[in-house]
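What follows is a short report on a single structure.
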Amino acid sequence: MKKIYPLILFVAALLFVSCESFLTEEPKMQQSTELTLATYSGLNNAVFGAYAPLVSTNWYGASFVLDAEMRSGNGYRDVNKNSGRYTVPYDFSYTSTSTPALWGTAYFVISQVNNVLVNLDGKAGVGGVTQQDVDNLQAECLFLRGLAHFDLVRTYAKQYTVDKDAPGVPYVTVTDPAGKPARDAVETVYANILTDLTTAEQLIADDYTRDGVASKTSVASKLAIQALLSRVYLFMGEWQKSADYATKVINSGKFTLWEADEYADAFKADAQDGGEVIFDVYGIKANTYDGYWDAITWLTNPDGYSDCASSNDLISLYEEGDVRGEMFIGNPEKAPGTLWTTKYAGKEKGTPDVSNTIVLRLSEMYLNRAEAIIRGATVAGVSALADINAIRANRGASDLTSAGISDVLKERRLELAWEGHFWYDLARTKGSVTRTHYSGSEVNRNIPADSKFWALPLNKRELDVNENLVQNPGYDS
């Protein structure tokens, strides 16, 4: 079913707002309010611009990642070294007026790509534009639309593996300022995500990468689409399909696991070349959406706002010699005993206040496949133990001798810490949060599997402008 979305979020999307491109090198490309969607060139630039909001502080530029870490038990709030910015996710003091702002930003991107999709007809064959050129643009739009809805439904609804009949989010495929869609069921949202991503997979050229970008991993590709499909299927409990897509990415030969001596520097690279990164969000100050002092770098910097420190519950899990356990830094004078992640320490050629945010990488594909195999999938010549140990061998950690569900979930926590995964892994596996290293209100120190907080509240403003939306149970409307 086609869905439309309210004017309050999308009126600005009817013409794309002026912003400096965040991906281009010289000559720099710009969009303006005079940009139209009547030509292929205009549509191409519009798709380019649709990547920019992903670096917003509401999404991969800060809070989507940091909120999840602070909720999960990986995060810690030092009593002497924080600005109060991340109190809500740490204390679970969520209300309808104090909830993640992802909703508006994600639906804005959805509106941007929807406006492109409805204008693609008739562009092939004009001015040397081929049908494959048009298909590539369509695939990029579908990838971004699928990713946005996936992040929305994981945040504001129960997980597919917990209650697929629960209210999800509106799946918006047509932007109409007058629309007021109801929430689709979680199962329906996932079905639409799969439709968008599998269609994108078929449309996009095998070797497609957008021209003029500073980082080829910061735009859609066939392998990025397949990697996201592996993750989506994992969240659905579709183990064989998750394993199969992970295998496609692993066997492509386009990516290699970082070795121990490469690990720290890889997170500071401006552009990836032959390493693990499949898709990331490119950070640059010229992007209008860059968070500056509210960006992820300054919030995880012990000399910055430093609201989001790492808990001893996480750090104590790393064995001696594991390079991942060395990815933390402290401020002994101001916060003795507290450490912060260095995964957002800044790019090698820039200042510490801008980083890329990794969304999909090769290690996750090995871990997706390992979990899927443990849960019943089969891949010829592959074992879960071998996949886990392939990562550990490249981190300086000792080999495991056996691998069960608890082992792979722990390895996911170790490897993907501070990349926004652990909270959602707990949510989809019906886990709970137990925090021994904690400095907040005892009311919500530990979060059981049946807590209301696994589906966060919708913002009151959205409920006010759209009477067809319903609030999640347990929150004021």
Original post:
Should Glu140 and Arg210 count as an ion pair when the cut-off is N to O under 4.0 Å?
Top reply: yes
Subject >> Beyond-backbone contact of Asp196 with Tyr171, side-chain heavy atoms, under 4.5 angstrom >> reply: yes
Subject >> Sequence-distant partners of Asn301, side-chain hydrogen bond (donor to acceptor under 3.5 Å, both in side chains), two or more places apart >> reply: none
Subject >> Heavy-atom donor-acceptor pair, Thr300 side chain to Ile296 backbone, under 3.5 Å >> reply: yes
**OP:** Answer yes or no on whether Lys347 is positioned over the face of Tyr282, meaning its NZ or CZ is under 6.0 Å from the six-membered ring centre and within 45° of the axis.
**Re:** yes
**OP:** Would you please indicate yes or no on a ring centroid separation below 6.0 angstrom for Tyr86 and Tyr90?
**Re:** no
Original post:
Under the criterion ring pair (Phe, Tyr, Trp, His ring centres under 6.0 Å), which of Phe453, Tyr107, Trp103 is the partner of Tyr156?
Top reply: Trp103
**OP:** Using atom types as modelled and distance alone, determine if a side-chain donor or acceptor of Thr256 lies under 3.5 Å from a backbone N or O of Gly274.
**Re:** yes
**OP:** Verify whether one side chain among Glu319 and Ser398 offers a donor that lies under 3.5 Å from an acceptor in the other.
**Re:** yes
**OP:** Work out which heavy atom in Ala224 is nearest to a heavy atom in Phe143; give both atom names and the distance.
**Re:** O-CE1, 3.9 Å
Subject >> Residue pairs involving residues 283-307 (criterion salt bridge (Lys or Arg N to Asp or Glu O under 4.0 Å); sequence neighbours excluded) >> reply: Arg85-Asp294, Lys285-Asp353
**OP:** Give a yes-or-no answer on whether the side chains of Asn444 and Arg435 include a donor-acceptor pair shorter than 3.5 Å.
**Re:** no
Original post:
Leu197 and Ile225: which non-hydrogen atoms are nearest, and at how many Å?
Top reply: O-CG2, 3.3 Å
**OP:** Count the heavy atoms of every other residue, nucleotide or ligand shown that sit under 6.0 Å from CD of Glu442, and state whether that count exceeds 12.
**Re:** yes
Subject >> Beyond-backbone contact of Ser63 with Thr57, side-chain heavy atoms, under 4.5 angstrom >> reply: no
Original post:
Is there a donor-acceptor pair closer than 3.5 Å between any side-chain N or O of Ser111 and the backbone N or O of Phe108?
Top reply: yes
Original post:
For Asp280, which residues count as a salt bridge (charged side-chain N to carboxylate O under 4.0 Å, His left out) partner, sequence neighbours excluded?
Top reply: none
**OP:** Considering only NZ, NE, NH1 and NH2 on the basic side and carboxylate oxygens on the acidic side, decide whether Lys460 and Asp464 come within less than 4.0 Å.
**Re:** yes
Original post:
Roughly how far apart are Tyr366 OH and Ile391 CD1, rounded to 0.5 Å?
Top reply: 8.0 Å
Subject >> Asn82 side chain to Asp78 backbone, donor-acceptor under 3.5 Å >> reply: yes
**OP:** State whether a side-chain donor-acceptor pair under 3.5 Å links Asn368 with Arg412.
**Re:** yes
Original post:
Is it true that the side chains of Asp244 and Gln240 contain a donor and an acceptor less than 3.5 Å apart?
Top reply: yes
Subject >> Partner residues of Asp91 under the salt bridge (charged side-chain N to carboxylate O under 4.0 Å, His left out) criterion, sequence neighbours left out >> reply: Arg77
Original post:
Residues in salt bridge (charged side-chain N to carboxylate O under 4.0 Å, His left out) with Arg428, at least two apart?
Top reply: Glu371, Asp425
Original post:
Near Asp261 CG, under 6.0 Å, is it more than 12 heavy atoms from other residues, nucleotides or ligands?
Top reply: yes
Original post:
Should Asp322 and Arg395 count as an ion pair when the cut-off is N to O under 4.0 Å?
Top reply: no
**OP:** Flag the pair Glu276 and Lys254 as a salt bridge only when some basic side-chain nitrogen lies within less than 4.0 angstrom of an acidic carboxylate oxygen.
**Re:** no
Original post:
Between Thr217 and Gln272, does any side-chain donor sit less than 3.5 Å from a side-chain acceptor?
Top reply: no
**OP:** Take Phe328 and Trp340 through the test ring-ring contact (aromatic ring centres under 6.0 Å, His included) and record every step on the way to the result.
**Re:** CA-CA 5 Å; Phe328 302 94; Trp340 286 260; over 10 Å; no
Original post:
Does the side chain of Tyr94 pick up a donor-acceptor pair with the side chain of Arg71 at under 3.5 Å?
Top reply: yes
Subject >> Check: Ser316 side chain, Asn312 main-chain N or O, donor-acceptor pair, under 3.5 Å >> reply: yes
**OP:** Measure from the ring center of Phe267 to the ring center of Trp258 and say whether it is less than 6.0 Å.
**Re:** yes
Subject >> ring pair (Phe, Tyr, Trp, His ring centres under 6.0 Å) partner of Tyr160, chosen from Tyr233, Phe150, Tyr190 >> reply: Tyr190
**OP:** Taking Glu69 for its side chain and Trp418 for its backbone only, find out whether a donor-acceptor pair lies under 3.5 Å.
**Re:** yes
Original post:
Is it true that the side chains of Asn394 and Glu259 contain a donor and an acceptor less than 3.5 Å apart?
Top reply: no
Original post:
Below 4.0 angstrom, N of the basic side chain to O of the carboxylate: do Lys222 and Glu201 qualify?
Top reply: no
**OP:** For the residue pair Ser306 and Lys81, confirm or rule out a side-chain donor-acceptor distance under 3.5 Å.
**Re:** yes
Subject >> Partner residues of Asp151 under the salt bridge (charged side-chain N to carboxylate O under 4.0 Å, His left out) criterion, sequence neighbours left out >> reply: Arg154
**OP:** Determine whether more than 12 heavy atoms belonging to other residues, nucleotides or ligands lie under 6.0 Å from atom NZ of Lys452.
**Re:** yes
**OP:** Kindly say whether Phe64 contributes a backbone atom to a donor-acceptor pair with the side chain of Asn58 at under 3.5 angstrom?
**Re:** no
**OP:** Report yes or no: does Thr188 contribute a side-chain atom to a donor-acceptor pair with the main-chain N or O of Asp184 at less than 3.5 Å?
**Re:** no
